[in-house]
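These notes are about the structure you will find just below.
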There are 2 protein chains.
Amino acid sequence: MAKAARKYLDAADREQQILEFAIDFVAQRGLRFTTRELADALGVSQPLLYRYFKNRDDLLQKIYDEVYLKRWDPGWNELLADRSLSIRERLVRYLTAYTEAILDERWIRIFIASALEDPQITKKYLGLLHETTFPLIFAEIAVEAGVPVPSGPQADELALEIVWGFHSSFFYMGVRKYIYRNKIPDDLDPIIRARVEVFVAGLVESMPHLGQFLPETEVGR
Amino acid sequence: MAKAARKYLDAADREQQILEFAIDFVAQRGLRFTTRELADALGVSQPLLYRYFKNRDDLLQKIYDEVYLKRWDPGWNELLADRSLSIRERLVRYLTAYTEAILDERWIRIFIASALEDPQITKKYLGLLHETTFPLIFAEIAVEAGVPVPSGPQADELALEIVWGFHSSFFYMGVRKYIYRNKIPDDLDPIIRARVEVFVAGLVESMPHLGQFLPETEVGR
DNA sequence: CACGGAAATTATCAAATGATAAATTATCAC
DNA sequence: GTGATAATTTATCATTTGATAATTTCCGTG
């Protein structure tokens, strides 16, 4: 309350306030915003932004850092590896946590907008999925299916693609909601459970025969 | 050759040339391009653009029309309904054609950029999928599974979500390639076949039990 | 080959924009 | 309360930008 009445904020508070506001603002308006639009919407003068941020790009960089950092929970991979739970249950819990983290207007819109502008910005985040989470999911389902994880570059690639397809469908719900502005169901739990069921059942069923989809090159090796 | 040497093109030719060039240009630079950048890159003067396009927004609108129109083949739905082929084969053929149509840098990047700017632009295209193609796919797999298509709003929604998840994974390959700039496999055929196999097998297997994922409300009705 | 009309460029504007410097106002310590 | 200090605003610039008007260049036709 004392803070709210003040006109002159402490530098640290003002910087944080601008940053938080800018995140929402940029999520709505996209990267074409002007510094004046932002300052007007926040109710401060435009040059004030330059007291806290070196320039427009510096502000954007801070926005990216703030949005992307601290959304990734390293505990997720441990959860996926915890064999005291069924693989279906692990996937449901992981995806529930994951969708909760990313189904956020600011996260989705800034993620896509920044990737469109410069793919480097999102590279680190995507690498985490691609190199750690996806192989783990595939391997755990292989255990469930009772077959050895297929090896070889072609088989690895196919496995990754299968998991990509599954996993991306959850991110894509965010795209549908916050970019296409489609309605998506309020309660995601049944959808997560149904998709997990379809995916695990299908992959357990077909994993023994996935080799048939590989090019011949690897067969004789 | 006669056309190539001319400095003063026919109005219709010049308009087409600018439009084609602008599509590539906007796909790369995004919507933040300036009219001068565009004109310079094409090698004409900036005011020339205003001879052919009323203003910047008019050019953008023409770009959207050109990119979105004529990419949708109405024959796709007929193909999906053709029971002389197995459902797996139909899906493989449909998805092969579909991915070929949309795995295009200009299409993907302009689609996402325009949706980010104004979701109205992509609404018609998405409606086609949501209202026609998706229910059809689900119904055909129900036939394959030998069960009646579940009915009721909750069941419809769940069915749509399941197909959304599957179908979007192909569009998402375009996002990965042209927005994230990730490498994706050159040969998509094995991936399409494997994903179709996993999906159909999983859905056939689990469709009889999908009711368990519905909220209780519908059970007693 | 000249001449008329269409196509294109040059010149130019007013508004918008990122950024800086100078002046002003609030807040705190004493 | 008063003055020092930090926070904020006002004033201002140089560029950039979308758009228009005036001028010039090309090209087919008689």
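Order of the sequence lines sets the chain letters (A, B, ...), proteins ahead of strands, with each chain counted from 1.
Atom CZ of B:Arg32 and atom P of D:dT16 are 15 Å apart (whole Å). Protein atom CG of B:Leu60 is 10 Å distant from nucleotide atom P of D:dG18, rounded to whole Å. Remark: C1' of C:dA19 and CG of A:Leu59 are 14 Å apart, rounded to the nearest angstrom. At whole-Å resolution of the value, CG in A:Leu49 and P in C:dT17 are 14 Å apart. Remark: P of C:dT10 and CG of B:Asp40 are 11 Å apart, rounded to the nearest angstrom. In this structure, the CD atom of B:Glu37 is 18 Å from the P atom of D:dT15, given to the nearest Å. Across the protein-nucleic acid pair, B:Leu38 atom CG and D:dT17 atom P stand 13 Å apart, rounded to whole Å. Whole-Å rounding puts the B:Glu15 CD to C:dA8 C1' distance at 16 Å.
Note on ring orientation: taking the six-membered ring where Trp is involved, the planes of B:Tyr68 and B:Tyr64 are parallel (angle under 30°, cut-offs 30° and 60°).
Taking the six-membered ring for Trp and the full ring otherwise, the centers of A:Tyr125 and A:Phe111 sit less than 6.0 Å from each other.
Salt-bridge check for B:Asp189 with B:Arg193: passed, with a basic side-chain N closer than 4.0 Å to an acidic carboxylate O. With respect to the salt-bridge test (charged N to carboxylate O, under 4.0 angstrom), the residues A:Arg83 and A:Glu140 qualify. Using a 4.0 Å cut-off between a side-chain N of Lys or Arg and a carboxylate O of Asp or Glu, A:Glu78 and A:Arg90 do not qualify as a salt bridge.
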Protein heavy-atom contacts under 4.0 Å, written 5' to 3' over nucleotides 4-13 of chain D as B (base), S (sugar-phosphate only) or - (none), form the string ---BBBBBB-
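Applying the side-chain contact (heavy atoms from CB on, under 4.5 Å) criterion to A:Tyr8, with sequence neighbours excluded, gives no partner residue.
For A:Thr35 and C:dG18, the shortest distance from a side-chain N or O to OP1 or OP2 is below 4.0 Å.
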